[in-house]
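Everything on this sheet refers to the single structure shown next.
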Amino acid sequence: LPSEFPVDIALGLADTIDVMSQVDERRSLPQWYALLNCGFRCPASAGTDSFLNIPYHLVPGAGRVYVKVDGEFTYENWIAAFKAGRTFVTNGPLLRFTFNGADPGEVFTVDPEPLPMTVAGTIDSIVPISSVEIVVNGEVVRTISVDRETRSLPVNEVLEINGSAWVAVRTIAEGHRWVTNDRDVFAHTSPVYVEMEGRPMDSDVAARFYIEQIDALIAKMDAKGVFKDRAQRDEIVQRFRKGQKIYENMLLAEK
């Protein structure tokens, strides 16, 4: 950041972002979490960002997105499941989890009362893991710690969800020589979403964050951008402001 992706997501010009793409995931995760906290159903994706036409390049396929496809394995079905959020990203560990029996990407519309949420599944890894974490609205609410040599772990945890929320599973561990391109062992599911009537998510902090980032984006563009003419510059700024307005409206809705 600053980057155009908050505008692209807000305007519906992009469906997802690379949660993992050869960057420090500990720094990039809060940016994805902020989008989710704003109410955008933005599934996790990943990319290697490898350029094979230069002497030094990253290992292709080190960061991956896996998609659960229902029915016949076709490109169209893969894309549909990808956009629906039936995904997890990883540089090693495999996450197979359900939430109240549903796959990542599911939306639960419920009455305003506590919702028991069973998070169940397994993590299998070629490299050691140190813990599995359950994340709700960007906060780790449950940690299952394991021995440093653990490579496989069944998980069955019950949470209580008391408002609109998103819920996901992740693992972050110390790097390993078999995990290329990245300093950490990392995997993360896309979330499921809980819509609880009368108890909306608190998007205030996340919305303010992206309002400020879009201001910074425009300032960066004015400092470094090259345009055909002033009209082209103004057209781009207008588009950025249109996206920013969506975040501003979230603040108005909070009041």
Side-chain angles (χ1 to χ4, degrees), residues 5 8-21 25 29 32-33 35-36 38-50 59-111 115-127 129 132-137 151-159 161 164-171 179 185-197 201:
F5 75 78
D8 292 340
I9 293 293
L11 296 180
L13 302 175
D15 298 300
T16 183
I17 63 171
D18 281 349
V19 172
M20 183 173 63
S21 183
E25 286 83 20
L29 274 181
W32 179 45
Y33 290 171
L35 290 176
L36 296 173
C38 284
F40 297 115
R41 293 174 187 168
C42 180
S45 188
T48 303
D49 199 20
S50 177
V59 178
R64 304 181 183 184
V65 56
Y66 285 83
V67 179
K68 182 179 179 181
V69 177
D70 293 327
E72 185 181 1
F73 185 74
T74 64
Y75 176 80
E76 291 76 16
N77 287 345
W78 190 95
I79 288 294
F82 176 58
K83 293 175 69 173
R86 309 287 194 255
T87 73
F88 70 88
V89 298
T90 184
N91 58 20
L94 302 179
L95 303 178
R96 300 180 180 89
F97 280 87
T98 61
F99 304 80
N100 280 358
D103 294 320
E106 186 73 16
V107 180
F108 298 90
T109 303
V110 298
D111 294 328
L115 172 70
M117 172 74 71
T118 300
V119 180
T122 59
I123 178 171
D124 295 292
S125 179
I126 194 173
V127 296
I129 58 174
V132 176
E133 298 172 324
I134 302 174
V135 185
V136 177
N137 293 351
R151 286 175 167 80
S152 183
L153 180 71
V155 174
N156 194 304
E157 298 286 325
V158 179
L159 313 174
I161 307 299
S164 296
W166 59 267
V167 185
V169 174
R170 75 183 192 188
T171 184
V179 173
V185 175
F186 177 83
H188 208 303
T189 71
S190 286
V192 294
Y193 307 92
V194 177
E195 293 183 348
M196 189 170 291
E197 184 180 353
M201 289 180 57

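All values below come from the heavy atoms of this structure, side chains included, with hydrogens, waters and symmetry mates left out.
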What do the steps show when you test Phe82 against Asp15 for side chain to side chain contact (heavy atoms under 4.5 Å, CB included), and what is the final call? CA-CA 9 Å; Phe82 176 58; Asp15 298 300; over 6 Å; no
If you round to the nearest 0.5 Å, how far is [atom2] of [Y] from [atom1] of [X]?
{"X": "Ile126", "Y": "Ile129", "atom1": "CD1", "atom2": "CD1", "value": "13.5 Å"}
{"X": "Ile161", "Y": "Asn137", "atom1": "CD1", "atom2": "CG", "value": "8.0 Å"}
{"X": "Ile17", "Y": "Ser45", "atom1": "CD1", "atom2": "OG", "value": "9.5 Å"}
{"X": "Thr171", "Y": "Ile123", "atom1": "OG1", "atom2": "CD1", "value": "4.0 Å"}
{"X": "Thr16", "Y": "Lys83", "atom1": "OG1", "atom2": "NZ", "value": "11.0 Å"}
{"X": "Cys42", "Y": "Leu35", "atom1": "SG", "atom2": "CG", "value": "5.5 Å"}

[X] side chain vs [Y] backbone, donor-acceptor pair below 3.5 Å:
{"X": "Thr189", "Y": "Pro191", "value": "no"}
{"X": "Asp103", "Y": "Arg86", "value": "no"}
{"X": "Asn91", "Y": "Phe186", "value": "yes"}
{"X": "Ser152", "Y": "Asp124", "value": "no"}
{"X": "Thr87", "Y": "Val67", "value": "no"}
{"X": "Arg170", "Y": "Ala187", "value": "no"}

Under a 4.5 Å cut-off applied to non-hydrogen side-chain atoms, are [X] and [Y] in contact?
{"X": "Thr90", "Y": "Leu95", "answer": "no"}
{"X": "Ile79", "Y": "Tyr75", "answer": "yes"}
{"X": "Met117", "Y": "Val194", "answer": "yes"}
{"X": "Trp166", "Y": "Val135", "answer": "yes"}
{"X": "Ile134", "Y": "Val167", "answer": "yes"}

What's the shortest heavy-atom distance between [X] and [Y], and which atoms?
{"X": "Phe97", "Y": "Thr122", "answer": "CE1-O, 3.5 Å"}
{"X": "Ala14", "Y": "Ile9", "answer": "O-CD1, 3.6 Å"}
{"X": "Gly101", "Y": "Thr98", "answer": "C-CB, 3.8 Å"}
{"X": "Gly105", "Y": "Val192", "answer": "N-CG1, 4.0 Å"}
{"X": "Gly85", "Y": "Pro43", "answer": "CA-CB, 3.5 Å"}
{"X": "Lys68", "Y": "Ala81", "answer": "O-CB, 3.2 Å"}

Is it the case that more than 12 heavy atoms not belonging to Arg151 sit under 6.0 Å from its CZ atom? yes
Would you call the rings of His188 and Trp32 parallel, tilted or perpendicular, taking 30° and 60° as the class edges? perpendicular
